[in-house]
Amino acid sequence: MNAPADASSRDELEAAVVRFAGDSGDGMQLTGGQFTEATAVAGNDLATFPDFPAEIRAPVGTTFGVSSFQINFGARRIMTSGDDFDVLVAMNPAALKVEMSRLRKGGLMIVDSGTFTERNLAKAGYDTSPLEDGTVDPYRVISFDISAMTMEAVKEFELSKKDALRCKNMWALGFVYWLFGRSRKTTQEWLTGKFANRPDIANANIAAMNAGHAMGETAELPEGVHGFHIAPAEIAAGLYRTVTGTEALAWGLVKGAELAALEILFASYPITPASPLLHSLAKMQHLGVTTFQAEDEIAAACAAIGGSYAGSLGITSSSGPGIALKGEAIGLALSAELPMIIVNSQRGGPSTGLPTKTEQSDLYQAVYGRNADAPLVVLSTRSASDCFEVGIEAVRLATKYMTPVMLLTDGYIANAAEPWRLPDLDAYEPFPVTFHTDPEGFHPFQRDAETLARVWAKPGTPELMHRIGGIERSYDTGHISYDADNHHRMTKIRAAKIDGIAKDIPAQTVELGNETGKLCVVGWGSTYGPINRAVDNLIRRGKDVSHVHLSYIWPLPENLGDLLAGYDTILIPEMNNGQLITLLKAEYLIDAQGLNKISGQPFRISEIEDAILGILEG
Amino acid sequence: MNAPADASSRDELEAAVVRFAGDSGDGMQLTGGQFTEATAVAGNDLATFPDFPAEIRAPVGTTFGVSSFQINFGARRIMTSGDDFDVLVAMNPAALKVEMSRLRKGGLMIVDSGTFTERNLAKAGYDTSPLEDGTVDPYRVISFDISAMTMEAVKEFELSKKDALRCKNMWALGFVYWLFGRSRKTTQEWLTGKFANRPDIANANIAAMNAGHAMGETAELPEGVHGFHIAPAEIAAGLYRTVTGTEALAWGLVKGAELAALEILFASYPITPASPLLHSLAKMQHLGVTTFQAEDEIAAACAAIGGSYAGSLGITSSSGPGIALKGEAIGLALSAELPMIIVNSQRGGPSTGLPTKTEQSDLYQAVYGRNADAPLVVLSTRSASDCFEVGIEAVRLATKYMTPVMLLTDGYIANAAEPWRLPDLDAYEPFPVTFHTDPEGFHPFQRDAETLARVWAKPGTPELMHRIGGIERSYDTGHISYDADNHHRMTKIRAAKIDGIAKDIPAQTVELGNETGKLCVVGWGSTYGPINRAVDNLIRRGKDVSHVHLSYIWPLPENLGDLLAGYDTILIPEMNNGQLITLLKAEYLIDAQGLNKISGQPFRISEIEDAILGILEG
Amino acid sequence: MNELTPPAKRTAKDFATDQEVRWCPGCGDYAILRAVLNTLADIEAEPENTVFVSGIGCAARFPYYVETYGFHTIHGRAPAFATGIKLANPELDVWVVGGDGDMLSIGGNHLMHVIRRNVDVQVLLFNNEIYGLTKGQASPTSRAGTRSPSTPLGSVDNPVSACVFVLGAGARFVARGIDAQQKDLPAILKRAHAHKGASFVEILQNCIVYNDGVFADITEKSVVADRQVVCRHGEPLVFGKDGDKGLKLDPATLTLGVVEVGADGPEAAGVLVHDETNHVLASMLAAMDDEDLPVAVGVIYCAPALSYGEGVAQMKAEARKRARDADLKSIMHEGHTWTVAD
Amino acid sequence: MNELTPPAKRTAKDFATDQEVRWCPGCGDYAILRAVLNTLADIEAEPENTVFVSGIGCAARFPYYVETYGFHTIHGRAPAFATGIKLANPELDVWVVGGDGDMLSIGGNHLMHVIRRNVDVQVLLFNNEIYGLTKGQASPTSRAGTRSPSTPLGSVDNPVSACVFVLGAGARFVARGIDAQQKDLPAILKRAHAHKGASFVEILQNCIVYNDGVFADITEKSVVADRQVVCRHGEPLVFGKDGDKGLKLDPATLTLGVVEVGADGPEAAGVLVHDETNHVLASMLAAMDDEDLPVAVGVIYCAPALSYGEGVAQMKAEARKRARDADLKSIMHEGHTWTVAD
Ligand SMILES: Cc1ncc(C[n+]2csc(CCOP(=O)(O)OP(=O)(O)O)c2C)c(N)n1
Ligand SMILES: Cc1ncc(C[n+]2csc(CCOP(=O)(O)OP(=O)(O)O)c2C)c(N)n1
Ligand code: SF4
Ligand code: SF4
Ligand SMILES: [Mg+2]
Ligand SMILES: [Mg+2]
């Protein structure tokens, strides 16, 4: 793709982190989304991080009402949404108050001076205006009365003041578009489409965007600011789109079911940040998906199991507290040996905790969180686009082994967007389910000698009528059995079936670095980006460090123990108080070290770099 | 105490295992209970094992309707309810069918030949009578038509046939009383009391018992059977009673609350084998206990937490599947930092599993089974009488540290009875709770610098009005806080508070054997008896083996790591597929071996001996 | 084979399994089982397309004894499993079985929602006013003052009426039957089966071990006529031996009372005629539980409405219509995409 | 200090906390908060003996804004926590607050049981017919066809009526109020507070962000008079500007209809007089929700009965009486004991 014309006159950057921050009502998520589209189209690699408050719409102008959207984009491969910002757009004093500390010294601060009124300053807890009292001196401040300029720009459309001011974010977007030499086309098209039946609104927004953009051309900018240019990244050829973890997962599950030749019964109960998966699938009910919003998480899990019992693929989805409620039902699914997928979009806990913040603290619950000896498969996703593949794999394992599969994702992955090379949907190998139909010697717990999976005989099949349930079943007949030895045998079989899956999953690979060496950083889930970038940076600096990232939490890959044994030290960064580390210590008796961040925020690359250096040099 | 007069003419035994087996309707549990009383009074040490079917009252005469009661008693310390039986009382063919295999060759088999009819034999699945076809040849059979003899013995009372036959078990008991030279006094008194308003029934039962006893004096017994004598055991002086784990736990909790100067709100939902605890406490509502049968386990947990919030000690109780449902609520209790006790009477799982069989497979759930980083205290009970002490300790820790405490017991302990030297209730050190009342600088998450426990300020206290909940709370104010660093800090504090309890619990001791050496058998919960006896036996045989038994599962005793490091090998027998072993491996990186029995049956001493010898000699 | 030569009409025995029935001798559940097996034979149910779903409890053991598909699930959740089963395969004929504890204590919410959604299943609640399987604790339908292991001095809770509760939840079919009344029960079950949408049937069941005779005051041969009024649509609500009594409405107080039916018959006596489509009347009949009024049995309420299955089918048809032939690929390619050339 | 000099009568402001209120600007919850604070001042509530318990949801944020004790618990379970609080300390004055999802979706069962037990608490259900906090999914009270993120083509479930549901569960006090109607709401809350036992109040609440205007058809100034009938015990059920309309019962069909109130007044027109102790009438009034009939507000039903707290107190007194002074020791020494001498 070709860079904008004025590229020459601009400062060349390899990458930049921009943070849009404003009031919940200012439409920052939308603004960020638009900037993401335009940036992707411009050929940069990128990663984003939407960061919004728990309140639906907190009172205007308050610090806890600040909603932010961060994007990291560049000419090189982008692994995270970035640490400190290069550019901060602060639409009001509260936004400035909340975000300023993470704008790097000398970074660009774009503020709407029009909002720095007595009232708003007070709401943000400022006695004096930070724009005047020296607070912002460490930064390069670009201060416009964006509110006024927006009103001006849209007045011809004679909107209500409320509607007119709603265009502010487009003005700011227009300016940032200019700043990075982005095309306004995608946003223009989007606005026209979105407000098809309110052309005045559409045009007002476009006018505001254009005004902001024009301002870039004309305005007196601080010393040395004349726009930036970021060259397209080296990206594999192909058709791309931006995708969030939620979208990719929804599509992966649908694709998986198609490969298994099954319909999906998706039963869920709303909860942050899991609800969007329900919303996405609810829109796909013409593709063999039925969505059911149950009365609670327990009913959702039970309905999903009922769906699998009846021959569909039952999927349920929630977040930590909701998953806790499903534990008993999951126990039935695994003892009745029915396929099931449980998606856990992890969030900050315990209890209600930090609903809108991300965390990966439900690994214990996934692996151990049920009564009795109740093993199941646990998979995890490492990025938005990875959700597609993991979704398919979850379907494959659940149906092939007649077992519940817990799929761990998190709030960050669910909401964050990244560019994704659209896969060739026809390239996937189908794994159609064959339902049992042969009455000859049938009983419901007949097993496949190799997979140990029981037969799947669904209601509606002639001559296979049978009864199953949660009471222990006879290995030989499938009937209720209170026999002591049988219970021992069945418990061992249930465990062996899950353990055996290790033979059916890829061997663990090393993402970066040597297969043996001084230090291996082992991660899982959404810490992939920061770990990978940190390890990459340090390898470039000649350090002996490797990155291993787990997708299969249970069972673990067969070769993992030997692989980890090849390193002097193991470092396990987790966005929890240390859970995978417990699992690996118990499995392999390795004296690993933990790096734990439980702040509801993704790791910064520097935090992981420091930990690595601490070990290698300390 | 002095042995019966005829002791001389009897065979001296050090110990004996008797199993009473009959139809659910035959009153075997009651018969066993009576024999237990008489045996305890006779000064033997003993242990019992009631073993009944899942069905309330399965069809008469079927094998799955067989209800059994086992007692092991002797002149030495008795650690388990025994492996193979020396005496089997089989009240019908089904009972004989089910139990015969575990009667030791040459053992005494007492059968009611009157029940060996075509019909009953068929129901038990016998084509020919085992009494005639040689099936019972390996045993010494004492066969009477107990039914007929009972009818005869009670006819003067003119009961209905049904009521008359109901006295059969007393006839059998009378005979067994004679066999071991037991006094009938306790049973006679009990019958008179129980049927105070039906003297005919009482007297009929007594007459039946006497008839059975008389038969012993007169009957032609098989070669070499002329009754047994078992001398009183060496037992510490004091006042004794028999106690089940359920009773001892109920009393321990009440005593604990008394020491803490609190009332108890016990909220539960019936489930086998946990219900009896609810039943016991429901009878103690005049002692500062309020029992509440909630609509489900979740409501029970929530009501208990509500009780603690309001200034009582909230206790809830269930078994595996029910505990699973409480996970979310427990998360609130530990994040709101309220005291709470959760009693889990473990049973066979997963799911409904084997409701009436024992298992210890909920350790994972107890330690790890909640969403997010959610540490709490986990205690376990090793025997019926131990429940009293553990109950008190649970109250102490829950209230001192403002934390939920999970108390793990199991179906075996709950139902099994053992003789118990009644403790001196006045000897316990009180640990009264002091509720916070000082408004000066108050906030609900003010902490004790040493214990890290927050203040307990209950509604009704002037000037301390405050709001708490499941959303993360500010360390400094107790108000809702979405602050990133605060969440990290609070997560660490919650963990540190629980970890710190390790300083406040006894150092781990060694039950038997050396403090260091070749092999240490590490157990927890109801495996105490068989492990202890097996290790004892082998130490007597000169083996270098020790027994360590954990009461504190989380946090673990401070010295445990060093202690275990002192042994070449660690063997961990568990009635599950390996759970404590995971915990200890992760904590201490010790390469322990597991011995797992998941049959819903307690370990046999021989099973553990074999495992130990396998290690020491293999 | 089945396809080729359809089997001769099945008998009740054909619907029994080979499993030994494990209820206590004399348990009312045996009678209910008999009635259900007869009903299945009568309606010529297809075993392979019939599913019995239950929670946990003595009642919930039911599926093991019926030669159809059966799922013995977990305590209180059977309605949720049944909803999932119907959503996955609307063709299946689904019966939900549970006890008063299963469906009104732990499972009350799921019962409420399966009812309000009007999922096309038959819900059979075996009400023995006690927790049988767990050995006799009081249940939400136990009368106040019930002494049980968990309420040694008598329960303090007010009981809930199963039929009144489901009517409040929006039930479209509500009936009440009695375990031992083998003539009436199958007829009620047949009506329940014929009704499209959620059909709720409360079956008064005697627990001979833990609550023997709780219903004796209305089920004893000697009192049946006087203590039970059979609801028949369009017929006067008369009872008593040879219908000498009837129910009459006092419009002023909106209460029901009993009148003697004289020689001139019920109408003359102003006896109410049962209208099973009238929700208010149904609520009044369902609520009758004191000595002065008989207990209503039979079909108390039946007012069909769009079933959940039908609603979902319409919604999905609409979804297909709108989506035209948008497949997964076209959805994934929606919105902005761009090409990176090599 | 408090003990010595009792503070002057508290105002609504005294019951407000220093916490910033975090509902969306324009949310109906603000109005409800105002009404509750006024009520607390009016009834001279003692802050230290008052507890607000809530589940999760926008509505459930309520306790943070009331200067009493407050417990923001978990989703759907507030009634269970409240029951535990009352059992531990019956002296406390407990208010339970939650939304339609909190109390009728995940929490329906706990609501049913707190109601049937008649626990002495005030239950305030803020019904905005939507899940607010989770961004607008349909709830059990959402009208059929509601389009939401989880029901893009419209919901297929039949909604449940909160008041009808609790009446079916055995409620002894049922009222309905409207967020913005600040004159009426405090009066209703005061009645609820005065009632001993479980008092249920449904408050129609406007979610300005996800369900704006769902109640406009009955709450708009212009239609209030014609679309709302205020239930006042002992007074005719009239409505319309200057009471020109009234509710009349058709005893034949047991249905309510609207009659014009002529010059001779309601009685002449045969308008029903409200009897808040009549369960049948209450059920009919609570159920009114179609265009032809107005929506009932005010106290629909109030028929006090023994509260759970009173029942428990009696039971425990009985327990103490029977136990005489049996302490733990005497219990442990009951039954067979024996002495082992050294
Ligand atoms: C989650 C869970 N909680 C509790 C139980 C224990 N339990 C089994 S059945 C039952 C209630 C039985 O009563 P009901 O539903 O009336 O059936 P009945 O036995 O009377 O037919 C209970 C509490 C369980 N199995 N699972
Ligand atoms: C166990 C659990 N499930 C789901 C959620 C997510 N959640 C929070 S509030 C809510 C429903 C909100 O609706 P409503 O109760 O009507 O309250 P409103 O926000 O409308 O006032 C849900 C589903 C949760 N917090 N916990
Ligand atoms: S306990 Fe009662 S309900 Fe259960 S099987 Fe026995 S008689 Fe029937
Ligand atoms: S989302 Fe709706 S209910 Fe929630 S605060 Fe906003 S307006 Fe109120
Ligand atoms: Mg029952
Ligand atoms: Mg709502």
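Reckoned from all heavy atoms, side chains included, excluding hydrogens, waters and symmetry mates. So that the names make sense, note that chain A is the first sequence line, chain B the second, and so on, each numbered from 1.
Contacts of A:Leu239 with chain C are made by both backbone and side-chain atoms, with heavy-atom separations under 4.5 Å. Only the side chain of C:Arg22 comes within contact range of chain A, with heavy atoms under 4.5 Å apart. With a 4.5 Å cut-off on non-hydrogen atoms, A:Asp296 touches chain C through its side chain but not through its backbone. Of the two parts of C:Ile331, the backbone and the side chain both hold a non-hydrogen atom closer than 4.5 Å to a non-hydrogen atom of chain A. Heavy atoms of C:Val66 lying under 4.5 Å from chain A belong exclusively to its backbone. Looking at A:His479, only its side chain comes within 4.5 Å of chain C, counting heavy atoms on both sides. With a 4.5 angstrom heavy-atom cutoff, A:Phe266 does not touch chain C via any of its atoms. Contacts between A:Ile264 and chain C at a heavy-atom distance below 4.5 Å are absent for every atom of the residue. Only the side chain of C:Met315 comes within less than 4.5 Å of a heavy atom of chain A; its backbone N, CA, C and O stay farther away. Residue C:Ala78 does not touch chain A at all, counting heavy-atom pairs closer than 4.5 Å. Of the two parts of A:Lys255, the backbone and the side chain both hold a non-hydrogen atom closer than 4.5 Å to a non-hydrogen atom of chain C. Residue A:Leu262 does not touch chain C at all, counting heavy-atom pairs closer than 4.5 Å. For a residue to count as touching a neighbouring chain, one of its non-hydrogen atoms must lie under 4.5 Å from one of that chain's; by this rule A:Ala236 touches chain C with the backbone only. Contact of A:Ile468 with chain C is made through backbone and side chain together, with heavy-atom distances under 4.5 Å. Of the atoms belonging to C:Tyr65, not a single heavy atom falls under 4.5 Å from chain A. Proximity to chain C is limited to the side chain of A:Leu422, based on heavy atoms less than 4.5 angstrom apart. With a 4.5 Å cut-off on non-hydrogen atoms, A:Ala267 does not touch chain C at all. Interface remark: A:Val289 contributes backbone atoms only to the contact with chain C (heavy atom separation under 4.5 Å). With a threshold of 4.5 angstrom between heavy atoms, A:Ser308 does not approach chain C through any atom at all. For C:Thr50, no part lies near chain A; criterion is any non-hydrogen pair under 4.5 Å.
In terms of heavy-atom pairs under 4.5 Å with chain A, the best-connected choice from C:Glu67, C:Lys329, C:Glu91 is C:Glu67. Most heavy-atom pairs under 4.5 Å with chain A, from the set C:Met332, C:His333, C:Lys316, C:Arg77: that is C:Met332.
Side-chain N/O atoms of A:Asn44 and A:Thr39 include no donor and acceptor closer than 3.5 Å.
The residues A:Glu295 and C:Arg117 are annotated as salt-bridged, a charged nitrogen and a carboxylate oxygen being separated by less than 4.0 angstrom.
Taken from CD1 in A:Ile342 to CD1 in A:Ile305, the straight-line distance is 7.5 Å, to the nearest 0.5 Å. Here OG1 of A:Thr48 is found 12.0 Å from CD1 of A:Ile78. Values are rounded to the nearest 0.5 Å.
Two residues are said to be in side-chain contact when any heavy atoms from C-beta on lie closer than 4.5 Å; C:Phe62 and C:Val36 meet this criterion.
Counted within 6.0 Å of CD on A:Glu234, heavy atoms from surrounding residues, nucleotides or ligands total 12 or fewer; the atom is thus considered open.
Under the 6.0 Å cut-off for aromatic ring centres, A:Trp190 and C:His336 do not qualify, their centroids lying 6.0 Å or more apart. Proximity of the aromatic rings of A:Tyr309 and C:Tyr69 is defined here by a centroid distance below 6.0 angstrom, and this criterion is not met.
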